[in-house]
Amino acid sequence: SALCVQVTMRRKLTLWARFCLVLALLPSQTVMSVDLGSEWMKVAIVKPGVPMEIALNKESRRKTSVAVCLKENERLFGDGALGVSVKNPKFVYRHLQSLLGKKHDNPQVAVYQKRFPEHHLVTDASRGTVLFSNSEEMQYSPEELLGMVLNYSRGLAQDFAEQPIKDAVITVPAFFNQAERRAVLQAAQMAGVKVLQLINDNMAVALNYGVFRRKDINSTAQNIMFYDMGSGSTTATIVTYQTVKTKESGSQPQLQIRGLGFDRSLGGFEMELRLQDHLATLFNEQKKTKKDVRENHRAMAKLLKEAQRLKTVLSANAEYMAQVEGLLDDMDFKAKVTRVEFETLCADLFERVPGPVQEALSSAEMSLDEIEQVILVGGSTRVPKVQEVLLKAVGKEELGKNLNADEAAAMGAVYKAAALSKAFKVQPFLVIEATVFPIQVEFTREVEEDGSRSLKHKKRILFQRMTSYPMRKVITFNCYTDDFAFHINYGDLSFLGQEDLSVFGSLNLTTVQLSGVGSSFQKHTGAESKGIKAHFNMDESGMLLLDRVISFDLSELGNTISSLFGGGSSEPNANVTEPVQVTLDSLLLNTSSWLSNSLCLSPIVSESRMRRFIRSLLQDLTDRDLEKQEREKTLNSLEAFLFETQDKMYQEEYQAVVLEEEKEAIMAKLSQVSAWLDEDGYSASTKELQEKLQDLRKLCKAMFFRVEERRKWPGHLATLESTLNSSSFFLRSAKLEPEDDRIFTDVELKTLEKVINETTTWKNNTVAEQEKSSPTERPVLLSKEIESKWALLDREVNYLLNKAKFAKPKPKVNNSTTSESSSSKANSSKMEEKVILPKEETKDEGGEAGKTNTFLLWNMCFLYRGRAHCSKTFRN
Ligand SMILES: *[C@@H]1O[C@H](CO)[C@@H](O)[C@H](O)[C@H]1NC(C)=O
Ligand SMILES: *[C@@H]1O[C@H](CO)[C@@H](O)[C@H](O)[C@H]1NC(C)=O
Ligand SMILES: *[C@@H]1O[C@H](CO)[C@@H](O)[C@H](O)[C@H]1NC(C)=O
Ligand SMILES: *[C@@H]1O[C@H](CO)[C@@H](O)[C@H](O)[C@H]1NC(C)=O
Ligand SMILES: *[C@@H]1O[C@H](CO)[C@@H](O)[C@H](O)[C@H]1NC(C)=O
Ligand SMILES: *[C@@H]1O[C@H](CO)[C@@H](O)[C@H](O)[C@H]1NC(C)=O
Ligand SMILES: *[C@@H]1O[C@H](CO)[C@@H](O)[C@H](O)[C@H]1NC(C)=O
Ligand SMILES: *[C@@H]1O[C@H](CO)[C@@H](O)[C@H](O)[C@H]1NC(C)=O
Ligand SMILES: *[C@@H]1O[C@H](CO)[C@@H](O)[C@H](O)[C@H]1NC(C)=O
Ligand SMILES: CC(=O)N[C@H]1CO[C@H](CO)[C@@H](O)[C@@H]1O
């Protein structure tokens, strides 16, 4: 059975070892999602063994404001940044979503500028996009700022998961075009976050809904509409749920996006701005000051904050007293606002509520009857009027409120992240996305008609509106025998309103210039060409990729593929018969219309700016962060020192060791630094703070030393006393050793005795001297010296103990046992403690087996400092 236990143990150990191995591999496998809204973000994680959950932020809240505060030497995020936005709006950047991938002349940039007049927006000369400009040195693109936010979100997720995280799924609004998606990917790249996939936020919501209603999905198609009104925009999405049969794994649930309608600027934020404006009007009407509150950025920021509160409160109450203390020129502001007023202010907005519903229906070619349920998503659907208008528009009995309107997207996205990560096994849920904006290829060809040559403009649809994706498409150019170019453009966007169209930006995505075609054909004259094929891919993130361009070259080379672009260069089998290449210039310059090729372009595109960003700016900021931390630490130390020392000056212990004048000097200095800290200290540098702290420490050092020494005396003296006692006791015991079997020499014992004597004298004298001296002077009795005294004693005794441990007894005269002689000696000298115990350990056996056992254990013990130290030697 012992063996059996051993085997079991072994197996257990093996299992444990394997378990450990798995654990060791896990940390990097936690994945996260970021539901990136215009105002808020929610972060979710899934980590092995832990189900999907929302990561709480530093304030233990489930959502975090998308805001960055950048001042010369500080960087704040989330609520911290939001806090500054009221005091110092100029340094706080938020609502960045509407600026992503936009040229400076985009109407949305003008809208942003109007909403946030405190920011100075300039044109990025190389891209035509915008930069926030605080000064020549401090210019940030919206992508860079978003990158910082994403890095921060990862920090939150990591703190929550207590593990490092690299991989993320990030949500984007479904109506984001190529440039906008690219901007988010770039931001993530700058933050070093590996994007497993961008997921449309409506898809994330629909996925979350489906995953938790798996049982309700059967082969009958169910159409659900999700109506999502967030802070910055509104979307309506029609989703069809049903089970489908797949070859590999049988029947599986599937969701497909069937229709989408959106309003890029309808959302809660616009309502808050209306309220802010209303409050500004009311304040100006109160004529408490001659100034116009609208001219003051700080006051307007305060009003915006109050407007946000107002909007929330009016969702549940019919009226509310808005209130801001010291709004302008120290004037308080107070005004009643009713829900009716609010609804009047936003009347035109509420009229826009049904728009996305209609658009979604028409894009899905469905009628309302086919929609089983309309489910509310997004914080702004809490506004009663929104629900009222929507309910009327969809003609249902009620609106579905059974979804966590705030967190569904983050949870759906993290489910996707888990599915994409190799570390998790998740139940499959098939998803099919739909292209929102059609994309086409355009080119011009020379044609011969009636003997005359003319140019003809041609179009080929690449992705129709509402085509499902991910999807690969190939376009074949048949009639080209020379170098040529083709354009990749958005197709017919007439379904967008005029306003949306102007926000959309350029309809040209890119131009692909193929060179080397002509020379290739010249080389192989007579060969039949099957055309030049361009392979496109709309990937899971909704990004259009040009995978490669290849020509079938059927001359003497048979079926060898000439790869002109992209993928071919990495294919070892590709036989590139001619040095053909695609001119990349056009792709590189126009960053607002990215067309990325996974192999060639993504690293090149953003290089210059990215380099500047990553190397200098972020490093710089990280340095600043470190410096900020350093400064905060110093400031804390200084404040703590002031506080504690001021407190100490009233404690008896300290008062006992200082003269009145010394006390006054210290008190004066403390209050002086305290006052300085309240005034200039706020802006003082780390160095200045450190100097102040050092000065104070120097001034108080002697006092602290005296107190410290006095505190140590009782304990130290007791230790010395007991060491003296123990060593004296040891000395006495050692002296009691039998004459004929001595381990220690006389000199050794004398040396110890001398040390004991000297230490005792030193102690007696020093303690007496200390008692005579004043407590306000530097002590004579020093803890350091006491320590060295007992250390010396210890060293001496330990030397002797060590000698005893390895000592060999002298060969014994045999007619009387040592034990008898020694114990009788010990008894006679009343050594009941048996400090010296030379004895045969196996007395009984030894006595009887005197003839058989030739080896006996010689054991001698000394008691020192309460512990027995024994020698163990065999003697023949
Ligand atoms: C990203 O955030 C971490 C903290 O989570 C910080 O240490 C790091 O410096 C940040 N990186 C950049 C590039 O800002
Ligand atoms: C699918 O489920 C619905 C209820 O959720 C039910 O009414 C319908 O009959 C089911 N269809 C099939 C084919 O099982
Ligand atoms: C945009 O596309 C059209 C149609 O292909 C083309 O004629 C035009 O030159 C393109 N514009 C730019 C700026 O490339
Ligand atoms: C690229 O941008 C340049 C100016 O920056 C412009 O002249 C050119 O027409 C653009 N090309 C495309 C394909 O948009
Ligand atoms: C490519 O084709 C040439 C003939 O044109 C041949 O000599 C060469 O071995 C081929 N290379 C590969 C990698 O197939
Ligand atoms: C001295 O040591 C002995 C033996 O360890 C002990 O019994 C005695 O109490 C000690 N005396 C003092 C004052 O520590
Ligand atoms: C130690 O002091 C005792 C008396 O206190 C004295 O008898 C003895 O000789 C001294 N020993 C040494 C080595 O100084
Ligand atoms: C030390 O002082 C004690 C009393 O405090 C006294 O009994 C002892 O004899 C003194 N020893 C020496 C060496 O002065
Ligand atoms: C042996 O023992 C006897 C009596 O016990 C004693 O007189 C004698 O001295 C001992 N011999 C030695 C060598 O110790
Ligand atoms: C070494 C020694 O002294 N040995 C003696 C031990 O005792 C016996 C008798 O008791 C003697 O015969 C040995 O000579």
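In each ligand, atom 1 is the first atom listed, and ligand 1 is the first ligand listed. What you see is a predicted model, and the numbers here were worked out from it, not measured in a lab.
Between the NZ atom of K789 and the CG atom of L793 there is a distance of 9.0 Å, given to the nearest 0.5 Å.
A salt bridge links R61 to D79: one of the charged nitrogens lies within less than 4.0 Å of a carboxylate oxygen. Residues E365 and R258 are not paired through a salt bridge, judged by the lack of any N-O separation under 4.0 Å between the basic side chain and the carboxylate. Using a cut-off of 4.0 Å between Lys/Arg side-chain N and Asp/Glu carboxylate O, K754 and E758 are scored as salt-bridged.
In summary, the atoms of ligand 1 found under 4.0 Å from a heavy atom of G155, numbered by their order in the structure, are 5 (O). The atoms of ligand 1 that sit less than 4.0 Å from any heavy atom of N151 are 1 (C), 2 (O), 3 (C), 8 (C), 10 (C), 11 (N), 12 (C), 14 (O).
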Measure and list all N/O to N/O distances between ligand 2 and the protein that fall under 3.5 angstrom.
from     : atom 1 : to   : atom 2 : distance (Å)
ligand 2 : 2 (O)  : N218 : ND2    : 2.1
ligand 2 : 11 (N) : N218 : ND2    : 2.9
ligand 2 : 11 (N) : T220 : OG1    : 2.9
ligand 2 : 14 (O) : N218 : ND2    : 3.3

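A parallel orientation is assigned to the rings of Y93 and H119, their planes being inclined by less than 30° (bins at 30° and 60°). Ring geometry for W790 versus H716: interplanar angle of 30 to 60°, hence tilted.
Between N757 and ligand 7, at least one N/O pair is under 3.5 Å apart. In terms of polar-atom proximity, Q158 is not counted as a contact of ligand 1, lacking any N or O under 3.5 Å from an N or O of the ligand.
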Handout entry: Chi angles and distances behind the side chain to side chain donor-acceptor pair (under 3.5 Å) call for Q139, S133
Key = CA-CA 4 Å; Q139 296 199 335; S133 171; 3.2 Å; yes
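At a heavy-atom distance under 4.0 Å, only side-chain atoms of R75, from C-beta outward, approach ligand 1.
A 6.0 Å sphere centred on CD of E398 holds no more than 12 heavy atoms belonging to other residues, nucleotides or ligands.
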